[in-house]
Amino acid sequence: MSDVPSRPKGACRTCGAVLPLTTAHFHRDANNATGLKKQCRECACDEAKERYKTNSADVLARLRDRRIERTALWESTGLYEAA
């Protein structure tokens with residue numbers, strides 16, 4: 001017998017797969033007691049891809065708006081120099 005304890009395992013809330021509670025299988029979440037999200041990385045990535053497919057125009061518009069806001073902030077503070 002080994003004195004090494006086994007790693008705790010957690011089930012994905014989406015697919016139900018039981019996986020070790022590590023950052024290799026779950027994204028981090030500081031608000032959760034385990035420090036990890038309740039959805040496995042694979043399901044989270046699949047969900048994000050699906051959300052992007054259905055809302056790509058909105059996602060791209062939001063990214064464009066954020067880039068414009070950041071550029072304006074950097075220019076106003078003098079931290080940004082256009083190349």
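- Nearest heavy-atom pair across C15 and C40 is SG-SG, 4.0 Å.
- Of the inter-residue distances, the one linking N55 atom CG with L60 atom CG reads 10.5 Å to the nearest 0.5 angstrom.
- Applying the side chain to side chain contact (heavy atoms under 4.5 Å, CB included) rule to L63 yields the partners V59, R66; only residues at least two apart in sequence or on another chain are considered.
- When every heavy atom of L19 is checked against every heavy atom of F26, the shortest pair comes out as CB-CE1, 3.9 Å.
- Under the rule for a side-chain hydrogen bond (donor to acceptor under 3.5 Å, both in side chains), the partners of T14 that lie at least two apart in sequence or sit in another chain are Q39.
- The salt bridge (Lys or Arg N to Asp or Glu O under 4.0 Å) pairs that include a residue from residues 27-50 are E47-R51, where partners are two or more places apart or lie in different chains.
- Atom CG in L21 sits 9.0 Å away from atom CG in N32 (nearest 0.5 Å).
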